[in-house]
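My questions will all concern the structure given below.
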Amino acid sequence: MPLKVAGPGAAAPSQSGMDGIDYELGADYWSKVDPTIDGMLGGFAQISPLDIEGSSKFLKWCLKGSWSESGSPSTGRALDCGAGIGRVTKYLLQRHFQTVDMVEQDAKFLDHSRAYLGPTSKVDQRFCSGLQSFTPQSAHYDVIWSQWVLGHLADSDLVAFFQRCARGLKANGVLIVKENTTSSDTVEQDPQDGSVTRPDALLKSLFAQADLVLIKDLQQLKFPAELYPVKMYALRPKTASDSPDEAKLKAVGMLPD
Ligand SMILES: C[S@@+](CC[C@H](N)C(=O)[O-])C[C@H]1O[C@@H](n2cnc3c(N)ncnc32)[C@H](O)[C@@H]1O
């Protein structure tokens, strides 16, 4: 789902099944897109440096680990989800991690990423797969980054994908999501590429359904006003200490003895 102009005419509210998602249409749409930054960003290549600047600040804050009681994430390996030709890998993840893996459903983009990233790239694995059927290796990643792709997944597939990502994180690892959001409370469907744009509240509900805890969220600043608001979310898997234990609940009378 590239950067898109928000507002009337840009998209229609979702009505069909699968939450308005059409996987076939999505794959077909991307198969016709040029393997360029402009292609990745729906004709808004000029905002790429600003996007990277915002992401970089957000990532640095996450890596400091002030949010964590058990330590900061390490900088060993990151996963770029819906990586396209590797724009995020090139300008963001490679600068912070020793190794980066990419997952992308369109083989042409992954092939092109070899020339785009060059021989000195830090990319190890390139997985050609839809995120709806991709499982990251268990306890393998310090950061899993998903940007401008999750609107292609139906709600139930997205929750299941988040759950698999949670299992793919190392100790103190973080899942980072950067996506368009609607300003309205409704899901907006794009009939061109079979994707949706979700409101912030729905994204947060899907995170919670996947047992993810929101560490921080922030809106990307300085993007053109006509675009959908773009938000960044840092998430970690829920741990036992996040849920009050039974004894505590009993002590305050919220559970029978
Ligand atoms: C808007 S581009 C974003 C690329 C990259 N994340 C960036 O920010 O430069 C969306 C990418 O997601 C990929 N994509 C679309 N649906 C996907 C799916 N179901 N699973 C994996 N990748 C998908 C497209 O092929 C395309 O490369």
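Note that ligands are numbered from 1 as they come in the structure, with each ligand's atoms numbered from 1 the same way.
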Give a yes or no on whether the backbone of F161 and the side-chain of Q132 come within a donor-acceptor separation of less than 3.5 Å.
no
Which part of H152 is near ligand 1, with near meaning a heavy atom under 4.0 Å away: side chain, backbone, both or neither?
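Within the 4.0 Å criterion, H152 contacts ligand 1 through side-chain atoms alone.
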Considering only heavy atoms of V149, which atoms of ligand 1 have at least one such atom less than 4.0 Å away?
12 (O), 14 (N), 17 (C), 22 (N), 23 (C)
Hey, could you give me the OG/CE distance between S48 and M40, rounded to the nearest 0.5 Å?
11.0 Å
Give the atom numbers and elements of ligand 1 that come within less than 4.0 Å of a heavy atom of G130.
20 (N), 21 (C)
If I take atom CD1 from residue I21 and atom CG from residue D193, how far apart are they, to the nearest 0.5 angstrom?
8.5 Å
Between the candidates E104, Q105, K90, M102, which shows the shortest non-hydrogen contact distance to atom 25 (O) of ligand 1?
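Nearest option to atom 25 (O) of ligand 1, by heavy atoms: E104.
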Sub-4.0 Å atoms of ligand 1 with respect to non-hydrogen atoms of F109:
25 (O), 27 (O)
With heavy-atom distances below 4.0 Å as the criterion, list the atoms of ligand 1 near Q132.
18 (C), 19 (N), 20 (N)
Considering G84, G82, G86, P35, which one's heavy-atom position lies nearest to atom 5 (C) of ligand 1?
G82
For the pair F134 and F127, name the ring-plane relationship: parallel under 30°, tilted 30 to 60°, perpendicular over 60°.
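F134 vs F127 ring planes: tilted.
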Could you tell me whether the side chains of D80 and T89 share a donor-acceptor contact shorter than 3.5 Å?
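Yes.
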Taking the side chain as every heavy atom from C-beta outward, state whether H96 and K60 have any pair of such atoms under 4.5 Å apart.
yes
Provide the number and element of each atom of ligand 1 under 4.0 Å from a heavy atom of S129.
21 (C)
Residue L153 vicinity, atoms of ligand 1 by number, heavy atom under 4.0 Å
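Answer, ordered by atom number: 19 (N).
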Side chain, backbone, both or neither: V88 near ligand 1, heavy atoms under 4.0 Å:
side chain
Using only heavy-atom distances, determine whether the side chains of Y228 and E188 contain a donor-acceptor pair under 3.5 Å.
yes
Does I37 approach ligand 1 within less than 4.0 angstrom via side chain, backbone, both or neither, non-hydrogen atoms only?
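The answer is neither.
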Going by the order shown, which atoms of ligand 1 are within less than 4.0 Å of some heavy atom of W148?
1 (C), 2 (S), 3 (C), 8 (O), 10 (C)
Drop me the distance from R77's CZ to I144's CD1, to the nearest 0.5 angstrom.
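Reported value, rounded in 0.5 Å steps: 11.5 Å.
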Should L131 be counted as touching ligand 1, given the test is an N or O pair under 3.5 Å?
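By distance alone, the answer is yes.
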For ligand 1, is there an N or O atom under 3.5 Å from any N or O atom of W30?
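No, there is no polar N/O contact under 3.5 Å.
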Whether K216 engages the ring of W67 as a cation-pi pair (distance to the six-membered ring centre under 6.0 angstrom, angle to the ring normal within 45°) should be assessed.
no
